[in-house]
Amino acid sequence: MAALSEIRALLGEPRFNWSDPAPWIELERELGIEFPADFREIVDAYGSIQINAQLYLKHPAGHLLHDLGTMIRGDVELWREEDMAEFLPSPVGPNAGELMPVATATTGEAVFLRIPDDPSSPWRVVVQEMDSPAWTLYEMTFSDWLLAYLKGRDVTLCSRNFAPDGPSYEFLP
């Protein structure tokens, strides 16, 4: 994918490079969805990381201390609570039009993938600002959204203040 090569150019070479699909298959079966290929490719390349000391991405491999499945299960439970659900444009869940939490930020934002209404349509990104009832739908794939973030564009999260010397990442312990 073109976006992954651009992400590599900005973020640096990935060092995780996971190739076993088993954790994805297990998590997707549990959730009842199939994550978009670009999201899987990025997470397989980089693993569970913190980007620019701000954005957390997690891999589904269960042996990791910070794994995607644990994060999603906790976040789905949180966002289904009545007083939290009102802050999102649609429910959290595995059905068409619903949101699946996939990333978080130290600055309080939650990043979701919006499940397409039609299987042939692309997944979109929704970012919710935890300190307000505001959310934004980005009409772009996850890889395009991440690329915009890494380039310092304001996609609700903005890396300019967190990465003055350019994007970087570190593995989560």
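- With sequence neighbours excluded, the residues satisfying side chain to side chain donor-acceptor pair (under 3.5 Å) with Q54 are T107, Y149.
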Determine all donor-acceptor pairs shorter than 3.5 Å in which one atom belongs to a side chain in residues 11-19; sequence neighbours excluded.
unit_1, atom_1, unit_2, atom_2, d
R15, NH1, Y169, OH, 3.4
N17, ND2, P14, O, 3.3
W18, NE1, D20, O, 2.6

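- Although no hydrogens or angles enter the test, the distance criterion places a donor-acceptor pair under 3.5 Å between the side chain of S48 and the main chain of H66.
- With sequence neighbours excluded, no residue forms a side chain to side chain donor-acceptor pair (under 3.5 Å) with Q128.
- Rounding to the nearest 0.5 Å gives a distance of 5.0 Å between CG of N52 and OG of S168.
- Residue pairs meeting the side-chain hydrogen bond (donor to acceptor under 3.5 Å, both in side chains) criterion with at least one partner in residues 113-126, sequence neighbours excluded, are R114-D117, D118-S120, R124-E139.
- Contact check for F35 versus L113: side-chain heavy atoms found under the 4.5 Å cut-off.
- For the side-chain contact (heavy atoms from CB on, under 4.5 Å) test, residues two or more places apart in sequence or in another chain that qualify with A134 are E129, S132.
- Between D38 atom CG and T141 atom OG1 the span is 4.5 Å, to the nearest 0.5 Å.
- The distance from the CD atom of E34 to the CG atom of L27 is 12.0 Å, given to the nearest 0.5 Å.
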| task | Using the side chain to side chain contact (heavy atoms under 4.5 Å, CB included) rule, take I51 and L146 through it: C-alpha gap first, then chi angles, then the decisive distance, then the call. | result | CA-CA 10 Å; I51 301 172; L146 182 60; 4.0 Å; yes
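- Considering NE2 of H59 and CG of L172, their distance stands at 13.0 Å, rounded to 0.5 Å.
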| Working for side chain to side chain contact (heavy atoms under 4.5 Å, CB included), residues L137 and F112 | CA-CA 9 Å; L137 169 65; F112 299 84; over 6 Å; no
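- Note that CD1 of I49 is 12.0 Å distant from OH of Y56, once rounded to the nearest 0.5 Å.
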Could you pull out every donor-acceptor pair under 3.5 Å between side chains of residues 98-106 and any protein atom, sequence neighbours left out?
unit_1, atom_1, unit_2, atom_2, d
E98, OE1, N95, N, 2.9
E98, OE1, N95, ND2, 3.2
T106, OG1, A53, O, 3.4

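- Listed by chain and residue number, Y138 satisfy the side chain to side chain donor-acceptor pair (under 3.5 Å) test with T156 (two or more places apart in sequence, or in another chain).
- With sequence neighbours excluded, the residues that form a salt bridge (Lys or Arg N to Asp or Glu O under 4.0 Å) with E28 are R40.
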| task | With side chain to side chain contact (heavy atoms under 4.5 Å, CB included) as the test, would you mind laying out the steps for W135 and V127 before giving the verdict? | result | CA-CA 6 Å; W135 55 267; V127 181; over 6 Å; no
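- The side-chain heavy atoms of V111 and L157, taken from C-beta on, include a pair separated by under 4.5 Å.
- Residue pairs satisfying the salt bridge (Lys or Arg N to Asp or Glu O under 4.0 Å) criterion with at least one member in residues 140-152, sequence neighbours excluded, are listed as follows: E6-K151.
- By the 4.5 Å heavy-atom criterion applied to side chains, F142 and L57 are counted as neighbours.
- A 4.5 Å side-chain heavy-atom check between I7 and I42 finds at least one atom pair inside the cut-off.
- For W24, the side chain to side chain donor-acceptor pair (under 3.5 Å) partners two or more places apart in sequence, or in a different chain, are D44.
- Residues satisfying the ring-ring contact (aromatic ring centres under 6.0 Å, His included) test with F162, not counting sequence neighbours, are none.
- Hydrophobic clustering of Ile, Leu, Val, Met, Phe, Trp and Tyr side chains at less than 4.5 Å, counting indirect connections, keeps I33 apart from I25.
- Separation of atoms CE (M140) and CH2 (W145) is listed at 9.5 Å; rounding is to 0.5 Å.
- Across A148 and V155, no two heavy atoms sit closer than the pair CB-CG1, 3.8 Å.
- Heavy-atom contacts from other residues, nucleotides or ligands closer than 6.0 Å to CD of E26 number 12 or fewer.
- Pairs engaging residues 75-91 under the side-chain hydrogen bond (donor to acceptor under 3.5 Å, both in side chains) rule: none recorded [sequence neighbours left out].
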